[in-house]
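Heads up: the structure comes next, in structure tokens.
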Amino acid sequence: LWFRGVRSSKFRHVYGVPAKREGCYDNIKITKNAHDSHFCSINPKFVAVVTEVAGGGTFLVLPISSTGRLDFNSSRVTGHRGPVLDIKWNPFNDNIIASCSDDCTVKLWHIPDGGLVTHLNEWLIDLHGHKRRVGHIEWHPTAENILVSAGFDHLREVKNGSTGMCLLTSRVADFFVKVIDKLPNSGGDYVERTFIQEMFNCSQAMNMWAISIQ
């Protein structure tokens, strides 16, 4: 007898198998920051993880294939003066990663194909505009080199990343960004996905950056 209150699921009896020790990333000191973020990002080439550090902010970038026990002195990205709060890979360029920090800045970094061989402290672009810490960043999923950042200064600024010119300033509550991105819902119809989603609330400020990477 079928009980109508139970929904059938294709994944009900699917169980994951943990990887062996040599297939894992071991000895990584992940940040203990209480900020609400993933603190990691991955793409087809690299995995990036925000790490615990005594001063400033750093994150680790490893090639996907570099599994096993990590050397304590492994090279890191070390350009922020405050704790790193979010990192995101560019969806159009697997070698470009953006990071935001408690130091009120957003920085873009270039990671060589083989990974880092020394500490990286020279960024591609340094984006300023927030007056308080920057908590979240997100790349535009369909427009290349468009980056959105959210901070805690209650303002939203639209900037051209190549010139640094501020194009528009307003409160987040007055503006909400949507993109032309159609996704199927459970009924088979297509709905427009909200780009910013729920992570940018009215207590935060949002910047939109038009990045020009040479």
Side-chain angles (χ1 to χ4, degrees), residues 16-127 130 132-141 145 147-152 196-200 204 207 209 211 213:
V17 178
K20 295 182 179 180
R21 190 68 175 267
E22 58 270 18
C24 300
Y25 302 95
D26 195 11
N27 198 33
I28 298 178
K29 293 187 176 181
I30 301 174
T31 179
K32 299 177 182 178
N33 196 310
H35 179 70
D36 185 14
S37 176
H38 293 145
F39 294 117
C40 67
S41 185
I42 191 169
N43 69 9
K45 289 184 179 181
F46 304 102
V47 55
V49 181
V50 179
T51 55
E52 185 71 13
V53 65
T58 67
F59 61 94
L60 184 70
V61 178
L62 295 172
I64 290 289
S65 58
S66 297
T67 56
R69 186 174 180 82
L70 180 70
D71 184 3
F72 179 78
N73 295 318
S74 295
S75 300
R76 291 170 167 80
V77 180
T78 61
H80 283 288
R81 293 179 297 171
V84 176
L85 301 180
D86 199 9
I87 50 177
K88 292 289 171 58
W89 290 103
N90 186 337
F92 292 88
N93 189 333
D94 289 338
N95 295 88
I96 302 296
I97 187 170
S99 62
C100 64
S101 168
D102 199 79
D103 63 9
C104 307
T105 66
V106 178
K107 300 183 189 297
L108 269 61
W109 312 86
H110 178 270
I111 308 298
D113 284 333
L116 299 176
V117 294
T118 60
H119 289 322
L120 179 62
N121 54 21
E122 295 183 1
W123 49 82
L124 283 178
I125 299 177
D126 190 9
L127 302 174
H130 289 287
R132 297 184 63 186
R133 60 177 176 166
V134 187
H136 297 280
I137 49 177
E138 189 68 59
W139 292 95
H140 197 295
N145 292 333
L147 181 67
V148 177
S149 61
F152 291 82
I196 304 303
Q197 298 178 350
E198 297 179 356
M199 74 174 194
F200 300 119
Q204 296 176 325
N207 286 9
W209 312 87
I211 309 299
I213 300 175

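Sequence positions, counted from 1, serve as the residue numbers for this chain.
- Across all their heavy atoms, Gly79 and Trp123 have their closest contact at O-CZ3, 3.8 Å.
- With rounding to the nearest 0.5 angstrom, the OG atom of Ser101 is 6.0 Å from the CG atom of Leu85.
- In terms of heavy atoms, Asn33 sits closest to Pro83 at ND2-CB, 3.8 Å.
- Of the inter-residue distances, the one linking Ile137 atom CD1 with Asp86 atom CG reads 5.0 Å to the nearest 0.5 angstrom.
- Side chain of Glu52 to backbone of Lys32: a donor-acceptor contact under 3.5 angstrom is found.
- Under a 3.5 Å cut-off, the side chain of Tyr25 and the backbone N or O of Ile64 do form a donor-acceptor pair.
- Under the 4.5 Å side-chain criterion, counting only non-hydrogen atoms from C-beta, Phe46 is not in contact with Leu116.
- Here the side chains of Val84 and Val77 are not in contact, with every heavy-atom distance at 4.5 Å or above.
- Among Leu147, Val134, Leu127, the single residue meeting the side-chain contact (heavy atoms from CB on, under 4.5 Å) criterion with Cys100 is Val134.
- Tested against Phe59 for a side-chain contact (heavy atoms from CB on, under 4.5 Å), the candidates Thr31, Val53, Thr78, Ile97 yield a single pass: Ile97.
- Within the 4.5 Å cutoff, the side chain of Val49 has no heavy atoms near those of the Leu62 side chain.
- Between the side chain of His35 and the backbone N or O of Gly135, at least one donor-acceptor pair lies under 3.5 Å.
- Residues Asn121 and His119 fail the side-chain proximity criterion, which asks for heavy atoms closer than 4.5 Å.
- Of the inter-residue distances, the one linking Glu122 atom CD with Lys107 atom NZ reads 12.0 Å to the nearest 0.5 angstrom.
- To the nearest 0.5 Å, atom CG of residue Asp126 and atom CH2 of residue Trp109 are 8.0 Å apart.
- Heavy atoms only, all atoms of each residue included: Cys24 and Ala19 are closest at SG-O, 3.8 Å.
- Here CZ of Arg76 is found 5.5 Å from CG of Leu60. Values are rounded to the nearest 0.5 Å.
- Closest of all the heavy-atom pairs between Ser149 and Val106 is CB-CG2, 3.9 Å.
- Considering only heavy atoms from C-beta on, Ile87 comes within 4.5 Å of Ser41 through its side chain.
- A 4.5 Å side-chain heavy-atom check between Asn90 and Asn43 finds every atom pair outside the cut-off.
- Contact of the Trp89 side chain with the Val61 side chain is registered, since non-hydrogen atoms from C-beta on lie closer than 4.5 Å.
- Under the side-chain hydrogen bond (donor to acceptor under 3.5 Å, both in side chains) rule, Asp103 has a single partner from Arg81, Arg133, His80, His130, which is His80.
- Between the CD1 atom of Ile28 and the CG atom of Asp26 there is a distance of 8.0 Å, given to the nearest 0.5 Å.
- Under a cut-off of 6.0 angstrom, the local environment of CD1 in Ile30 is sparse, with at most 12 non-hydrogen atoms contributed by other residues, nucleotides or ligands.
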